[in-house]
There are 2 protein chains.
Amino acid sequence: MNNQHQITLKDIAQQLKLSVSTVSRALKGSTDINAETSKQVLALAEELKYSPNPIALSLKDKKTKVIGVMVQEIANNYCSAVIAGIENFACKMGYQTIISQSHEKYETEVQNTRLLASRRIDGLIISISNETRNTDHLQELIDKGIPVVMFDRVSNAIATHKVIVDDYRGAFEATCQLIEQGYENIAHITISKHLLITQNRLRGFTDALRTHQLPVRSEWILHCDFNTEATENKIRHLFCSTKRPDAVLLSVERLSITCLKVLRELELQVPDDVALSSFSDNPLSPFLNPALTSVCQPTFAMGQLAVELLIELIESKQIIKEYKTVQMKTTLHVHESSLRKAVAVGEK
Amino acid sequence: MNNQHQITLKDIAQQLKLSVSTVSRALKGSTDINAETSKQVLALAEELKYSPNPIALSLKDKKTKVIGVMVQEIANNYCSAVIAGIENFACKMGYQTIISQSHEKYETEVQNTRLLASRRIDGLIISISNETRNTDHLQELIDKGIPVVMFDRVSNAIATHKVIVDDYRGAFEATCQLIEQGYENIAHITISKHLLITQNRLRGFTDALRTHQLPVRSEWILHCDFNTEATENKIRHLFCSTKRPDAVLLSVERLSITCLKVLRELELQVPDDVALSSFSDNPLSPFLNPALTSVCQPTFAMGQLAVELLIELIESKQIIKEYKTVQMKTTLHVHESSLRKAVAVGEK
DNA sequence: CTGAAAGCGCTTACAG
DNA sequence: CTGAAAGCGCTTACAG
């Protein structure tokens, strides 16, 4: 029903009895154009609210000025905050973004990546799904000349720019904070063991335990997926064991919510029975019951940087072979959930 | 640096020594094509992983299969949940979405709407900003033949399909719940008075008070914007008055967070000193301290419906003059924040 | 059954 | 300084 007509160069040319070429040149501010002609063209273009058809431009220069973004889930604080950063910088640079979701499924990620590619995006920013182990679909893009930048859940198999945080240190510090509060039986609830972030956070966790001469119990390291029921069962089982942990380091926010739910159901108090500390970027964390100790990431800045690096790859004239991995810092925000005396500093 | 070559019809035609037309027809499954030729084309296309260039297609049929979505903020639970619904259905129908943000600014909304239009989107889904009073920029799109569907913050000035909830009833019920708990001095903290949702929620609020023979105090109806500091001051002032309200109905989640912050700062307990009830769709609401009574909306379904209606407008052959406004139901989830005895049902 | 031609809206090397 | 022509990748009415 899109019956109306968008103004084209041809319309302007006809009204002014000029050729399309001349109009095009005048609009581009070409110097070798009669000043008078130029003025007329500009005036009429303004009057008719002419705006060039990006589709036609794309067809010519094989650039769409569109960046694809692949995340697990849009309706996820972490993702939407990074996306906000991406949008912010992309927009400034004249790029628009198409967001796609993997819903934590490998198959969906592959399919949707192909879909984005078939849309002729100029580049892709991706954080891989919890299931993803094979990244051929990303190499495929790169081989096609579509640059890819990874963030958060990156992969060693792909040579490209990456934006991450110091997951090792984030986990190490959070674990130390728990230990310093006197918790000695600490579990770690995390995601797929095949993801680099999982491995780094886990190393940070175990190194903190070892540094304090505490044993590492493998049965207290839970690798979960996002099937809520299965995960709830795993967590329930952990807390129902004869010897249960008195603290937990959680690798992602969504798991901390599941954990909170299970603890309520089991009538275990946080932090009196079990202390919690979690990687999380929810602005509501301090308002939770109890306020949740969080390892925070500079989400907005990460998004901005990721696009910046991507646009660098897209617009670079020569082939880039030197890729960098930018590692940003996490910040530990300590709240009631990991404090021995259930009273938060200065709050409540 | 996008130097690699995407496979085109021409490549296939050359390899098979056929014309581009024939290849095109074979790929489209045209009947009047030699079965053998057809088979060859299909096979080679498969082998070369040919995928048609959507840019070229768009240029021909003036359809981009792209839908624009304009929201206040991506990193906002309500918005991202609706967007998830939009993505879900749009994807099924072969459409992709470009998301744009107004950041609650009228100027930004107008600019970004024009930007989307210049991208030749096939249609727009929008919830207007808190500042928006004039909707000419939307009428402009419609006049250009680009259909628009509104949701949540809709406007009477635009004749089109709309997806909303029963804001009046949502506010009415939430207010009644507070009254039934014995709260009689209830304030309403809400957004721009020029928005329809504000007006409807306000009517629901005042009608509930009147139904229970309670007075409506205009000084207890706060219209806020998203300038955090100004809003905090307004709210602080409300609670510092000699006679302060003992309960508040909040119109949007973000304001409820600001309100919680101010109450903490003033050392007022929820719900003992002040009860709270808020329109909110945060999955974390039940985990807040205290758990927040929420008027919830069917966000995902709203998004799905909005695209469905939009695609109907886009693909309709004849001009549609009959527009519908679909009104969905809200659900009141009562938690501690609005319960007299600070003990939630079955929880904690 | 197949191909050459025109056209979608634009840019740009080539003439003049 | 200006215009005609070619071309980006595709579709489709028109010939044959």
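Just so you know, these numbers come straight off a predicted model, no measurement behind them. Each chain gets a letter, A, B and so on, in the order the sequences are listed, and its residues count up from 1.
- The side chain of A/T22 contributes an N or O atom lying less than 4.0 Å from OP1 or OP2 of D/dG3.
- The partner of D/dA4 is absent, by the rule that a Watson-Crick or G-U pair needs both atom distances under 3.5 Å.
- With D/dG9, C/dT11, D/dC8 as the choices, the nucleotide that has an atom nearest any side-chain atom of B/K10 turns out to be D/dC8.
- Comparing atom distances between the B/L59 side chain and each of C/dG9, C/dG3, D/dG3 picks out C/dG9 as nearest.
- Between C/dT11 and A/S24, a contact under 4.0 Å exists linking OP1 or OP2 to a side-chain N or O.
- Proximity of A/K63 to the phosphate of D/dC8: no side-chain N or O atom is located under 4.0 Å from OP1 or OP2.
- Taking atom P on both nucleotides, D/dT2 is separated from C/dG9 by 24 Å, rounded to a whole Å.
- Among the nucleotides D/dC10, D/dT11, D/dG3, the one closest to the side chain of B/Y50 is D/dC10.
- As judged by a 4.0 angstrom heavy-atom cut-off over every strand, B/S21 is placed among the base-contacting residues.
- Tested against B/I128, the residues B/R133, B/M70, B/R153 include a single side-chain contact (heavy atoms from CB on, under 4.5 Å) partner, B/R153.
- Residue A/P52 has its side chain nearest to C/dC10 when only D/dT2, C/dC10, C/dA5 are considered.
- Between the P atoms of C/dC1 and D/dC10, the separation comes to 24 Å (whole Å).
- At the phosphate of C/dC1, neither OP1 nor OP2 sits under 4.0 Å from any side-chain N or O atom of B/T37.
- Following rounding to the nearest Å, B/I55 (CD1) and D/dC10 (P) show an atom-to-atom distance of 11 Å.
- Comparing A/V20 and B/S38 along DNA chain C, the residue whose closest nucleotide (by nearest heavy atom) sits nearer the 5' end is B/S38.
- Each of B/N77, B/D152, B/V82 was checked for a side-chain contact (heavy atoms from CB on, under 4.5 Å) with B/T299, and the lone residue meeting it is B/V82.
- The partner of D/dA13 cannot be assigned: no Watson-Crick or G-U wobble pair with both contacts below 3.5 Å exists in any strand.
- Applying the 4.0 Å criterion to OP1 and OP2 of D/dT2, one finds that A/S19 has every side-chain N and O outside that range.
- Separating the CD1 atom of A/I12 from the P atom of C/dG9 is a distance of 13 Å, rounded to the nearest angstrom.
- Atom CD1 of B/I33 and atom P of D/dT11 are 12 Å apart (whole Å).
- Of the listed nucleotides (C/dT11, D/dT11, C/dC8), D/dT11 has the atom at the smallest distance from the side chain of B/L57.
- Interface remark: the B/R25 side chain does form a donor-acceptor pair with the C/dG3 base, using a distance-only criterion of under 3.5 Å.
- No donor-acceptor contact under 3.5 Å links the side chain of B/K60 to the base of D/dG9.
- Between the CG atom of B/D11 and the P atom of D/dC8 there is a distance of 11 Å, given to the nearest Å.
- Taking only side-chain atoms of A/N34, from C-beta outward, the nucleotide of C/dT2, D/dT2, D/dA5 with the closest atom is D/dT2.
- When distances run from any side-chain atom of A/A56 to the nucleotides C/dC10, D/dC10, C/dG3, the shortest one goes to C/dC10.
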